[in-house]
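Since the structure comes first, as structure tokens, the remarks are kept for the end.
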Amino acid sequence: MSSHDLHLQHQQQVRDMRNAGDVEEEEEEEEEEEEQLQGEYAADEYYGTDASNDSGTESMPWIAWFCSLGGHQYFAEVADEFVEDDFNLTGLNSIVPFYKEALEMILDLEPEEDSTKVPDVSIVEASAEQLYGLIHQRFIVTRQGLQQMADKYQAGHFGSCPRTYCQSTNVVPCGRYDLPGVETVKLYCPNCQDIYSPPSSRYHNLDGAYFGTTFAHMLFHIYPELVPNIPNKIYTPAIYGFKISEYSRCGPRMQWLRIKQDPNTLDASGRLIKDAKEQDENDKQ
Amino acid sequence: MDDYTSGSDSDYTKYWIDWFLGTKGNEYFCEVDEEYILDRFNLTGLNTEVQYYSQALDLITDNLDENLNEEIRDIVEKSARHLYGLIHARFIITTHGLTKMLEKFKKCDFGRCPRVLCHNHPLLPVALSDIPYTKSVKLFCCRCEDIYNPKSTRHASIDGAYFGCSFPHMLFQVYPQLVPPKSTDRYVPRIFGFKLHDVAKQHRYQDMIREESHARIMAGIEGLPTTAVVVQSSTSARDVQQQNHKNNKSIESATPTMTESGAMADVN
Ligand SMILES: [Zn+2]
Ligand SMILES: [Zn+2]
């Protein structure tokens, strides 16, 4: 048996292991959350055929396989050319352990002969995931990546905003940090411009750095037509129909957070242009 | 939903309320005291809200005549769930009801705020309308003072009227120590590390509104007699509206019976 066969076999084992693990997790979740994300269904189907037909995974390229896994629905499929261009990977070799082996795995390349120093395929597997994630962070802010993610956004693959007044508008994944290992992925809502934890626990281990701080805002910058137009509503607490006075200790203190104002009506200091003019005129008199 | 009347086998429970509370999807409900249900005064007006009212009430209190035909039993069963919900909405704003819901709040039975900057603050159920069959239940976070949709579809389909518009706010009036400190933390979108110009302007505008309202509150609290601090009717509605006095003077007509603020929405 050649080392490549061995490698493939190992890889297959790891995949099977992960598949089995994912199935278990899914069942548990169904109990708990019974989730709704539309995007998950398509992938689950994929994944169902996967588990029942072992030979299917072998012929599948690593990237396609990785993106089809349960809990990986947020990922776009990074183009091979992008991964193959060293320039796009600048600096990643110092962040990701077993960088070379991980890269080979992602690109489905045969490992070199001296790969015996790698203790366990599952370690490379973890490195490949991290490397893919960090390449992904860079890919999704390119024209091609943005296009893919825009399609996923419109198809509702990332779920919707939990805030009632956002009327289930679609959200996009984002990170608060660009370095891996700091925080898990969050969801950005273009309507309330706030971030939320993904509802399903399957995303609670996904690194936010795989999406990065820039992508979400780049997406709506390049595709402004994706920004929803939802009437701005702010919740006001009331008891027996009477609004609670702001002088009360329990009175409203956070309404500022949800106030939206067309930036075109504001000057650089955040004042309404109308008011600023009025004030200037008063000052002159 | 499981059928109580046909659930004759292993998971059969003796008391209807126990069965109801144990049914999946009913985790938000607390146990209404039997004495509360038996006091007809508390149920005033509900007889016109549900079909087969007295049978439904009998079922809830485990006194239903066994010899009902199946068709009617099904309707009675449905009515009983509806009736329990409506009684529940009244009960949870009584002193004892509030303590029961407080326990559930402490156990995070209603879930946690999905907003990242609320750091998993526990939620409370709330309605957007007290009228049955209008809006499903929402969850109120006292940290960001906003409302969210329940995660699970089972909870998202519960009638909001079974909890009412007032409940969480009543709870915080009675237990003001539960009100968390408010934070001015806010998510700041960035592209390659740079803040977005338009967003920065909006944030400055929000800050201005916040500082103005803070100044008003500080001035107002000093000037107010302490007894007037709790719930105020028309004056408080006007106070909220004053936040918008600058760009909209035509909203004076908003009535204090509004539960969702049209006033604040007009800012946009
Ligand atoms: Zn939103
Ligand atoms: Zn919150």
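Here is how names work: the chains are called A, B, and so on, in the same order as the sequence lines, proteins then strands, and each is numbered from 1.
- With hydrogens and angles disregarded, no donor-acceptor distance shorter than 3.5 Å links the side chain of B:Arg115 to the backbone of A:Ile195.
- Within the model, atoms OH of A:Tyr240 and SG of B:Cys165 stand 11.5 Å from one another, a figure rounded to the nearest 0.5 Å.
- Between B:Glu145 and A:Arg253, no side-chain nitrogen of the basic residue sits less than 4.0 Å from a carboxylate oxygen of the acidic one, so the salt-bridge criterion is not met.
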Residue pair A:Ser200, B:Lys151: steps toward the side-chain contact (heavy atoms from CB on, under 4.5 Å) verdict:
CA-CA 9 Å; A:Ser200 162; B:Lys151 274 208 265 187; over 6 Å; no
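- In this structure, no portion of A:Glu278 lies under 4.5 Å from any heavy atom of chain B.
- Between A:Tyr235 and B:His169, the distance separating the two ring centers is shorter than 6.0 angstrom.
- Remark: the backbone N or O of A:Gly270 is not paired with any side-chain donor or acceptor of B:Lys201 at under 3.5 angstrom.
- Rounding to the nearest 0.5 Å gives a distance of 12.5 Å between SG of B:Cys141 and CZ of A:Arg163.
- Counting heavy atoms from C-beta outward, B:Ser166 and A:Ile239 have side chains that approach closer than 4.5 Å.
- To the nearest 0.5 Å, atoms OH (A:Tyr165) and NZ (B:Lys138) are separated by 9.0 Å.
- Annotation: B:Tyr187 is in aromatic contact with A:His217 [ring centroid separation under 6.0 Å].
- Other residues, nucleotides and ligands contribute only 12 or fewer heavy atoms inside 6.0 Å of the CZ atom of B:Phe194.
- B:Tyr205 pairs with exactly one of A:Ile259, A:Thr265, A:Asp267 by the side-chain contact (heavy atoms from CB on, under 4.5 Å) rule, that one being A:Ile259.
- Between B:Val116 and A:Leu187, every side-chain heavy-atom pair lies at or beyond the 4.5 Å cut-off.
- Inter-residue side-chain proximity for A:Tyr188 and B:Pro189 is flagged as met; some heavy-atom pair is nearer than 4.5 Å.
- Side chains of A:Trp256 and B:Glu211 form no contact here, defined as non-hydrogen atoms less than 4.5 Å apart.
- Using a 4.5 Å cut-off between heavy atoms, B:Leu178 makes no contact with chain A at all.
- In this structure, no portion of B:Arg112 lies under 4.5 Å from any heavy atom of chain A.
- One distance of note links CD of A:Gln255 with OG of B:Ser213; it measures 8.5 Å at 0.5 Å rounding.
- Here the SG-CG distance, from A:Cys161 to B:Asn149, works out to 8.5 Å after rounding to the nearest 0.5 Å.
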Between B:Asp146 and A:Met254, does a side-chain contact (heavy atoms from CB on, under 4.5 Å) hold up when you go through it step by step?
CA-CA 8 Å; B:Asp146 211 338; A:Met254 293 298 289; over 6 Å; no
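- Ranked by heavy-atom pairs shorter than 4.5 Å toward chain B, the options A:Asp194, A:Asn264, A:Thr213 are led by A:Asp194.
- Below 30°, between 30° and 60°, or above 60°: for A:Tyr196 and B:Tyr148 the angle between ring planes is above 60°, a perpendicular geometry.
- Using a 4.5 Å heavy-atom cutoff, the side chains of A:Gln261 and B:Gln206 are not in contact.
- Within the 4.5 Å cutoff, side-chain heavy atoms of B:Ile191 are placed close to those of A:His221.
- Within a 6.0 Å radius of NE2 in B:His119, other residues, nucleotides and ligands contribute more than 12 heavy atoms.
- Using a 4.5 Å heavy-atom cutoff, the side chains of B:Arg204 and A:Leu266 are not in contact.
- Among the candidates B:Phe192, B:Phe167, B:Phe140, B:Phe172, the residue making the largest number of heavy-atom pairs closer than 4.5 Å to chain A is B:Phe192.
- Interatomic distance, B:Ile209 CD1 to A:Leu257 CG, rounded to the nearest 0.5 Å: 13.0 Å.
- Counting heavy-atom pairs under 4.5 Å between each of A:Arg258, A:Arg271, A:Arg176, A:Gln193 and chain B puts A:Arg258 at the top.
- If you measure heavy-atom distances from B:Leu139 to chain A, you find no contacts under 4.5 Å at all.
- Residue B:Val126 touches chain A through its side chain alone, counting heavy-atom pairs closer than 4.5 Å.
- Heavy atoms closer than 4.5 Å to chain A are found in the backbone of B:Arg190, but not in its side chain.
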